[in-house]
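Just follow the structure's listing: the first ligand is 1, and inside any ligand the first atom is 1. One is the number of the first residue; the rest follow in order along the sequence.
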Amino acid sequence: MVLANPTGTMTAQAANSDSWSTADSAALYGIDRWGDPYFSVGPRGHVIVQPRGERGGSLDLVELVKELQGRDLSLPQLIRFDDILEDRLERLHAAFERAITQYGYAGRYQGVFPVKCNQQRHVVEQLVESGRRWHFGLEAGSKAELLIALSLLDDPEALLICNGYKDIRYIETAILARRLGRRPVLVIEQADEVERIISASRELGAAPYIGIRARLSTRSTGRWGSSVGERAKFGLSIPDLLATVEALRQAGLLEDLRLLHFHVGSQINDIAVLKDALQEAGQIYVELTRLGAPMGYLDVGGGLGIDYDGSRTATAASTNYSLQNYANDVVATIRECCEPHGVTVPTLVSESGRAIASHFSVLVFDVLGAGALPGAVPAAAEQEPLILRNLRDTHAGLMALADDDAQLPERLQEAWNDALKFKEDALAAFRLGYLSLPQRAVAEQLTWACCQAIAARLQRMPTDTALPEEIQALPAALAGTYYANLSVFRSAPDTWAIDQLFPILPIHRLGEKPARLGSFADLTCDSDGKFARFIDPVGRSGRGQAKPLLELHALRPGEPYWIGLFLGGAYQEVMGNLHNLFGSTNAVHIRLGESGRYRIDHVVRGDTNAEVLQAMEHDPQLLLERLRLASEAAIGRGSLAIGDARRLMAHLRASLEQTTYLQDGSGETAAL
Ligand SMILES: *Cc1c(COP(=O)(O)O)cnc(C)c1O
């Protein structure tokens with residue numbers, strides 16, 4: 001028998017549920033780690049949002065959701081806290097300012113936001129507005145993003161970094177934008193782009209600001225490791241880089257080469273990777289000035305990571321550095337590269353997307369119901385077969401065990417072995433025709449009742465009790481599926497596509513012990529439509545690991561159960577898709593007002609069914625008309641009553657105008 005020390009799961013959280021506090025919930029879900037300083041647990045067991053961080057002001061997320069529902073904004077809701085977006089910008093700039101002072105850096109920092117991270121109009125507008133005081137700019141990776149950046153970025157000093165594949169029209173647009181009084185930098189990412197830039201400049205008699213993206217040899221780790229290194233998709237190899245400089249010189253455009261760019265990939269987990277890249281890029285920068293380019297900017301790309309699980313480790317859902325560590329390393333390393341060569345230090349540019357946009361949006365969804373295993377003990381029939389009586393005796397024996405029995409772990413194991421054996425017997429008897437279907441059902445119910453009796457017992461045991469592994473795993477076997485009113489593919493696609501972890505937790509009842517284990521299934525009919533990996537801040541699998549089940553509360557009939565998905569503001573909503581035709585959710589922009597009250601700046605209604613149908617080229621009116629004709633025919637045949645036909649058409653018409661999510665019961669859960 002293997003003995004292991006249980007930690008982490010519900011068995012270990014507290015010796016008994018009466019002693020559960022909101023602080024226990026904060027620790028269990030790690031909110032005091034990844035949520036700091038924006039999210040915490042309040043005394044009422046609700047998630048509290050401090051949109052301005054330590055600068056004061058807070059609101060109760062549960063009350064907010066209720067009030068939004070009162071405005072007919074049903075769940076799921078995406079709540080965007082624009083104050084958080086602004087606070088993240090401030091933190092980024094403050095970190096670079098501190099580093100610049102600390103290392104006596106003779107240059108400055110001027111960042112841009114990569115639009116691909118969240119192209120939503122209100123989000124980009126808010127960033128441009130909040131970033132004005134730092135001349136914060138934008139980065140575009142396609143023509144459509146360039147259009148957004150050009151029209152929204154009206155600060156002549158802010159940088160507009162133009163990345164991605166570029167055809168002549170893209171290039172000419174950037175050149176003309178410089179004439180317009182903007183500051184676009186065309187970053188050469190592919191060797192053949194330089195020829196197009198040269199010919200477009202001749203054609204227009206004007207040149208753009210030019211940047212070069214270097215393909216570094218630095219090896220990265222983690223998910224995006226392949227976006228650097230010699231085989232990366234973007235960036236010039238050193239021979240290509242030299243050839244490009246030569247081509248620019250011959251075309252008389254070397255004067256316009258101002259920026260060196262590199263990008264190590266998103267979510268850099270390990271700061272050592274960044275340091276190597278910075279050193280390599282710093283040396284290339286120095287060499288470019290030696291080749292006669294005026295330069296002036298070094299763009300360190302994106303990659304600044306988020307500590308999704310609060311573990312501070314170099315694992316996929318975390319980082320082993322802070323924002324300040326990051327800024328310090330950028331500033332110090334580049335200074336170290338330039339100073340010995342007497343090269344003026346560049347203005348430092350970063351393209352941090354994830355680090356700016358992750359925190360500000362919270363997705364709140366409701367649970368429609370939960371599938372749980374039956375735990376009740378069925379009444380005994382007369383003349384019950386021996387197999388069933390054996391199971392009943394096992395259950396009764398379990399219930400009779402004393403809490404202070406010194407041999408308790410062994411006795412639980414023994415009882416569980418018995419229960420499993422009797423259940424096997426019951427199945428064999430059923431296969432041979434000796435047990436009826438209702439009798440087999442009783443056998444299964446009794447087995448689950450034994451399992452629950454053991455799980456309940458485990459909860460009362462001291463947390464340091466050594467337990468057989470099989471017994472430890474029992475609560476997980478009892479885990480339920482919580483049916484979530486959302487589409488994973490629409491609202492958190494990275495959980496499906498790349499196993500990304502986001503903090504997920506109930507936003508209320510946090511003063512109450514979450515006595516169940518569960519995972520979530522979404523509304524799509526896709527078996528991948530689920531959340532079944534969770535951050536594990538206090539886990540037994542070690543820091544930075546994921547767990548397959550989340551501690552949740554038992555549903556109460558008629559009461560809503562609301563879950564929040566946090567840190568999903570970057571990439572998720574814009575990469576989400578229409579799988580099963582679930583469209584965008586309702587979204588609101590919240591600002592904290594002077595009085596401590598919040599203000600709703602924008603309401604963006606979720607897609608209606610009519611809108612998602614149109615996105616697939618269907619004409620909703622035509623669909624209705626076809627069904628009207630079909631119901632006329634059915635009325636004619638006498639198979640459909642006129643009143644029923646009217647009811648059917650009314651349902652269809654109403655559905656077209658509604659969002660694609662479930663609305664019945666206004667978020668109340670079904671009984672277990
Ligand atoms: C995606 C991307 C970014 C943003 O990366 P984050 O990790 O979100 O900061 C920045 N620059 C380039 C070139 C990118 O492709």
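- Considering backbone and side-chain N/O of Lys116, one or more are found under 3.5 Å from N/O of ligand 1.
- Close approach of ligand 1 to Glu351 is summarised as follows: ligand atoms under 4.0 Å from at least one heavy atom of the residue are 3 (C), 4 (C), 9 (O), 10 (C), 11 (N), 12 (C), 13 (C).
- Proximity of Ile306 to Phe502: side-chain heavy atoms (C-beta onward) are nowhere separated by under 4.5 Å.
- The shortest heavy-atom distance from Ala570 to ligand 1 is not under 4.0 Å.
- Residue-ligand proximity, Ser352 to ligand 1, at heavy-atom distances under 4.0 Å covers atoms 9 (O).
- Annotation: side chain of Tyr308 is not in contact with side chain of Thr315 (no heavy-atom distance under 4.5 Å).
- Each of the following atoms of ligand 1 lies closer than 4.0 Å to a heavy atom of Gly353: 6 (P), 8 (O), 9 (O).
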Next on the checklist: Apply side chain to side chain donor-acceptor pair (under 3.5 Å) to residues Thr319 and Asn269 and explain how you reach the verdict.
Outcome noted: CA-CA 4 Å; Thr319 61; Asn269 310 117; over 6 Å; no
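- When only interatomic distances are considered, the shortest N/O to N/O separation between Cys117 and ligand 1 does not fall below 3.5 Å.
- Between Arg55 and Asp87 a salt bridge is recorded (basic side-chain N to carboxylate O distance below 4.0 Å).
- Close approach of ligand 1 to Arg213 (heavy-atom distance below 4.0 Å) involves ligand atoms 13 (C).
- Between His579 and Arg490 there is no side-chain heavy-atom pair separated by less than 4.5 Å.
- Under the 3.5 Å distance criterion, the side-chain polar atoms of Tyr321 are matched with a main-chain donor or acceptor of Gly305.
- Under the 30°/60° scheme for interplanar angles, the aromatic rings of Phe234 and Tyr165 are found to be tilted.
- With respect to atom 5 (O) of ligand 1, the closest heavy atom belonging to the protein is Tyr571 OH, 3.4 Å.
- Within ligand 1, counting atoms from 1 as listed, the ones closer than 4.0 Å to a heavy atom of Gly302 are 5 (O), 9 (O), 10 (C), 11 (N).
- Less than 4.0 angstrom separates some heavy atom of Gly303 from each of these atoms of ligand 1: 5 (O), 6 (P), 7 (O), 9 (O).
- Listed by atom number, the atoms of ligand 1 under 4.0 Å from Arg354 heavy atoms are 6 (P), 8 (O), 9 (O).
- Short contacts between ligand 1 and His261, defined as distances under 4.0 Å to a heavy atom of the residue, involve ligand atoms 13 (C).
- For Ser266, heavy-atom contacts with ligand 1 shorter than 4.0 Å involve the backbone as well as the side chain.
- In this pair, Phe531 and Phe520 present their aromatic rings perpendicular. The plane angle is above 60°, beyond the 30 to 60° band.
- Residues Arg80 and Gln126 fail the side-chain proximity criterion, which asks for heavy atoms closer than 4.5 Å.
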